[in-house]
Amino acid sequence: MSPRDSWRPLLAFLVTGGILSALCYLTLRSEPRMAVPEGAAAGSLTMRPCDYETEGGTVAAECGTLVVQESRRDPESDLIALPVTRIRATSPDPQEPVFRLGGGPGNTNMDFPEASRFTSDHDLVLVGYRGVDGSRRLDCPEVSSVMQAGDDGQTSPKTLKATTKAFELCADRLTEDGVDLTAYSVVQRVEDMEAARTALGYSQINLLSSSAGTRTAMVYSWRHPKSLHRSVMISVNPPGHFFWDPRITDAQFGQYTQERRADKECSARTPNLAKSIRKAVADIPERWGPFRIKDTNIRILSQYAMHHNGRTSAPNNAPTAIDAFLSGDTGALWAMSVLGDLAVPTSVVHGEFASFVMIDAPAAKRYYDGGGDPGSILGNASSDNLWAGKDGLTSVWPDSPDNAEYRDLRPTDVETLLVSGAIDFSTPAQLATDELLSTLHHGKQVILDGLGHTVDFWEHRPEAGERMLNTFFDTGKVDDSGFDKRPVDFDAVPLSMSTIARLLVGVTLGGAVLGLAVLAVLARSSRRRGGFGPRASVWIRVVTVLPLGLGGWLLGVLLVWTVVPGDFVGSVTAVVPGVGLMVGLGAYLAWTHRQRPSEVRRAGLTAAVGGAIFGAWLGCNAMPGLTTPAPAIIGAAAAANFGLLCVEHLRHCLLNRAPARTGEPVAT
């Protein structure tokens, strides 16, 4: 090695070592969270200028930290911090502010791109949800892991039993960490909003709630009616309905049948949609060729897909699910099974979800004690997914004493507008009409034809929705003149499940074959040439990392889909072996040379493959979930090359004691 090139090994050491150090840091670091400001007291709020992204562009805002007690029932309770964002009205003389309450449960309250629809004449305020957005987050990786690992579906008896145990383990762990799980109730969330209202200096506010957030709005109107000016609830969830009534779901399939009869092309595929889907669900096969299909995953994903029927929700929308059932294509059902494993287990913060829904625990128990599903089209899988089945979540998660007073409807004088979609599978309009509307002394309801759940409302006729909501906030009058009947667009299937299935298989098989082909070409070239020169070796190791790493992971994915359906495609066992072996062997083949002593080559093989497996494992732990393959591939490449550099360094140290072999290449 010439003096001019002596810096290259050092640079390589620094780069690979730096990557591995970064992955170690990501693996060992604590999840960044908000912190309670030093010296802060309950009710304090600090704000600073910031920017906020809306559908109308980036706007100036104020971001801050609200400090509250974890439990207002306990004077000695810990303090927790919650984020607050306020977008000021552009009007010099604004009306009462709008506080937004998003759905879930278990979802953030800080993402609201539609905020720009209200800021012409109102401040728009977002207050983070405790347990999700603040300094204490009730994550339950135990639960997500069990759901992802259900070899026979997320709500099979075996998986439900494991899910119940996972919720119990999560509750015990969080409690041991000092978290009061009974403090993450609807009531405590309401008091967070009230604390923010007081701290921001508003005498009265408007509430804009959706889905599960409407339950918070109800309790707010019962506890603090004088704090509220007006309230709009979109996709209303009255007490006792944090599960899906199968009779209503079947009736809504009947509504879709009527919608399809009005569409001649669609009705030609089946004269009775509900009957056809019932048959398709009842006849779900166990496999699509070599690929395992999980029955309950399809039922769960279908329930969520039927919530919305607009194009922006595709492929997880009603037209796509209906198309899959009517297609007669087993591959389409397999795609739904796969997407169920990918999307559902990590869609919410399970601990916050559990604490919030316990307000409906008695209703869920009555439902299951009454026999549960009577034999509906989609069955009981979705409600089982919410509650871990009968005596699941309700038996292991603590119920809050806050809930007892608010499990039944109360009358209120707060002016309230209920906005419902006529075919909303999640929060059916008839529940708001039959149960809630009569308790609102100043209540009105708008039912929008052809719409499903919340996303459909925000997507359809945005100008009409903006005018209706702002008019109600400002005057108490309902102007729904901008809405017309929207026929369900059964062609809102930009990407069918059949196409998704073939894309999944094609990309996975293609990537795996490409990785194996690259490895084969490297092996053949290395054998024929006797090895590569130092510079060629470096370039080959850089260029082949991606196809080899992805190929190794995709081989693991194929094994999960065919042989070990109880594993998850982003798990350590699915990622590490394939990525480690493929990247390690590729690095070794690019480095090795026949003129090196056999013991050096053996050491290089051990260092490259062993290092790559370790680096892949490190990457998996650095960024868990579906992002796992990327850091795993980076870690495998860095560790394999670091191992080879160590072998080279040791060889040079030994060669300094004896003359080097003539013609032996020196790698960098």
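Please read these numbers as outputs of a predicted model, since none were measured by experiment. Count residues from 1 along the sequence.
- Side chain to side chain, D424 and T427 meet the donor-acceptor criterion of an N or O pair below 3.5 Å.
- Partners of S496 according to the side chain to side chain contact (heavy atoms under 4.5 Å, CB included) rule, which considers only residues two or more places apart in sequence or in another chain, are D323, V493, S498, T499.
- Interatomic distance, NZ of K365 versus CG of D391, reported as 6.0 Å (0.5 Å rounding).
- A distance-only check finds no donor-acceptor pair linking the side chain of N309 to the backbone of A318 [under 3.5 Å].
- Here L169 contributes atom CG and T164 contributes atom OG1; the two are 11.0 Å apart, rounded to the nearest 0.5 Å.
- Using modelled atom types, one finds a donor on one side chain and an acceptor on the other under 3.5 Å when comparing N297 with D341.
- With hydrogens and angles ignored, the 3.5 Å screen pairs a side-chain donor or acceptor of T562 with a backbone N or O of L558.
- In this structure a side-chain-to-backbone donor-acceptor pair under 3.5 Å is present from R230 to F473.
- One finds a salt bridge joining D192 and R130 here, because a Lys/Arg side-chain nitrogen approaches an Asp/Glu carboxylate oxygen to under 4.0 Å.
- A distance-only check finds no donor-acceptor pair linking the side chain of R215 to the backbone of V186 [under 3.5 Å].
- Proximity of S209 to Y220: side-chain heavy atoms (C-beta onward) are nowhere separated by under 4.5 Å.
- Here R486 contributes atom CZ and L451 contributes atom CG; the two are 4.5 Å apart, rounded to the nearest 0.5 Å.
- For the residue pair D479/S481, the side-chain donor-acceptor check at 3.5 Å is satisfied.
- Contact of the D384 side chain with the Y368 side chain is registered, since non-hydrogen atoms from C-beta on lie closer than 4.5 Å.
- Between Y256 and F490, the ring planes are perpendicular. Angles over 60° get that label, and only those under 30° would be called parallel.
- Salt-bridge formation is not detected for the pair D449/R461: no Lys NZ or Arg NE/NH1/NH2 atom is positioned less than 4.0 Å from an Asp or Glu carboxylate oxygen.
- For the pair V446 and V478, the minimum side-chain heavy-atom distance is below 4.5 Å.
- Between the side chains of S211 and H453, a donor-acceptor pair is found at a separation under 3.5 Å.
- Ring to ring, F112 and W458 are close: their centroids are under 6.0 angstrom apart.
- Inspection of the T433 and Q445 side chains reveals an N or O donor paired with an N or O acceptor under 3.5 Å.
- T296 and Q154 get closest at one heavy-atom pair: OG1-N, 3.2 Å.
- The neighbour count for D369 CG, taken as heavy atoms of other residues, nucleotides or ligands under 6.0 Å away, is above 12.
- Heavy atoms from other residues, nucleotides or ligands lying under 6.0 Å from NZ of K165 number 12 at most.
- With hydrogens and angles left out, the side-chain atoms of Y367 and D245 include no donor and acceptor closer than 3.5 Å.
- Of the possible donor and acceptor atoms, none in the side chain of D151 sits under 3.5 Å from a partner among the backbone N and O of G566.
- With hydrogens and angles disregarded, a donor-acceptor distance shorter than 3.5 Å links the side chain of T257 to the backbone of F253.
- Between the side chains of D402 and S185, at least one donor N or O lies within less than 3.5 Å of an accepting N or O.
- Residues S235 and T454 bring a donor and an acceptor atom of their side chains to less than 3.5 Å of each other.
- Heavy-atom minimum distance, T346 versus L342: OG1-O, 3.9 Å.
- No hydrogens or angles considered: nothing links the side chains of H308 and E459 as a donor-acceptor pair under 3.5 Å.
- Ion pair D373/R299 not flagged as a salt bridge, since none of the NZ, NE, NH1 or NH2 atoms sits closer than 4.0 Å to an Asp/Glu carboxylate oxygen.
- Atom CZ of R247 is surrounded by 12 or fewer heavy atoms from other residues, nucleotides or ligands within 6.0 Å.
- Side-chain contact between L126 and L124 is present, with heavy atoms from C-beta onward closer than 4.5 Å.
- Ionic pairing of D480 and R467 is not present here: no N-O contact between side-chain nitrogen and carboxylate oxygen is shorter than 4.0 angstrom.
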>> Run the side chain to side chain contact (heavy atoms under 4.5 Å, CB included) test on M218 and V236 for me, step by step, so that the C-alpha distance in whole Å, both residues' side-chain angles and the decisive distance to 0.1 Å come before the verdict.
In response: CA-CA 10 Å; M218 290 175 215; V236 187; 3.7 Å; yes
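- The nearest pair of heavy atoms linking Y52 to M110 is OH-O, 2.6 Å.
- In this structure, D456 contributes its side chain and G310 its backbone to a donor-acceptor pair below 3.5 Å.
- Between the S144 side chain and the P141 main chain, no donor and acceptor come within less than 3.5 Å of each other.
- Remark: W561 pairs with W334 by the ring pair (Phe, Tyr, Trp, His ring centres under 6.0 Å) rule, at least two apart or across chains.
- To the nearest 0.5 angstrom, R502 atom CZ is 13.0 Å from L509 atom CG.
- Residues V357 and P105 meet the side-chain proximity criterion, which asks for heavy atoms closer than 4.5 Å.
- Taking every heavy atom of both residues into account, A314 and A492 meet most closely at CB-O, 4.2 Å.
- When side chains are defined from C-beta on, S231 does not count as touching N206, because their heavy atoms never get closer than 4.5 Å.
- Of all heavy-atom pairs between N380 and G372, the closest is OD1-C, 4.4 Å.
- With sequence neighbours excluded, the residues that form a side chain to side chain donor-acceptor pair (under 3.5 Å) with D489 are R311.
- Checked against a 6.0 Å centroid threshold, the rings of F353 and W397 do not count as neighbours.
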> How far apart are the C-alpha atoms of L436 and L409, what are their side-chain angles, what is the distance that settles it, and do they pass the side chain to side chain contact (heavy atoms under 4.5 Å, CB included) test?
Replying inline: CA-CA 7 Å; L436 180 60; L409 284 165; 3.4 Å; yes
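- One distance of note links OG1 of T394 with CG of D360; it measures 12.0 Å at 0.5 Å rounding.
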>> Before you tell me yes or no, could you show the steps for Q303 and T249 under side chain to side chain contact (heavy atoms under 4.5 Å, CB included), namely the whole-Å CA-CA distance, both residues' side-chain angles and the distance that decides it to 0.1 Å?
In response: CA-CA 9 Å; Q303 179 76 53; T249 298; 4.1 Å; yes
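- Aromatic ring centres of Y129 and F356: separated by at least 6.0 Å.
- Inter-residue side-chain proximity for I322 and L273 is flagged as met; some heavy-atom pair is nearer than 4.5 Å.
- Using cut-offs of 30° and 60° for the angle between ring planes, the H307 and Y304 rings count as perpendicular.
- Here the OG1-CZ distance, from T85 to R100, works out to 11.5 Å after rounding to the nearest 0.5 Å.
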>> With side chain to side chain contact (heavy atoms under 4.5 Å, CB included) as the criterion, how do W553 and T508 come out once you've worked through the C-alpha distance, each side chain's angles and the decisive distance to 0.1 Å?
In response: CA-CA 9 Å; W553 171 53; T508 304; over 6 Å; no
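- With contacts defined as side-chain heavy-atom distances shorter than 4.5 Å, the pair M468/F483 qualifies.
- Judged by distance alone, the side chains of N316 and S313 never bring a donor and an acceptor atom under 3.5 Å apart.
- At least one donor-acceptor pair closer than 3.5 Å links the side chain of H350 to the backbone N or O of P345.
- The two residues L326 and S276 come nearest to each other via the heavy atoms CD2-CB, 3.7 Å.
- Under a 3.5 Å cut-off, the side chain of S337 and the backbone N or O of K294 do form a donor-acceptor pair.
- Under the 6.0 Å distance and 45° angle rule, R189 does not count as a cation-pi partner of Y184.
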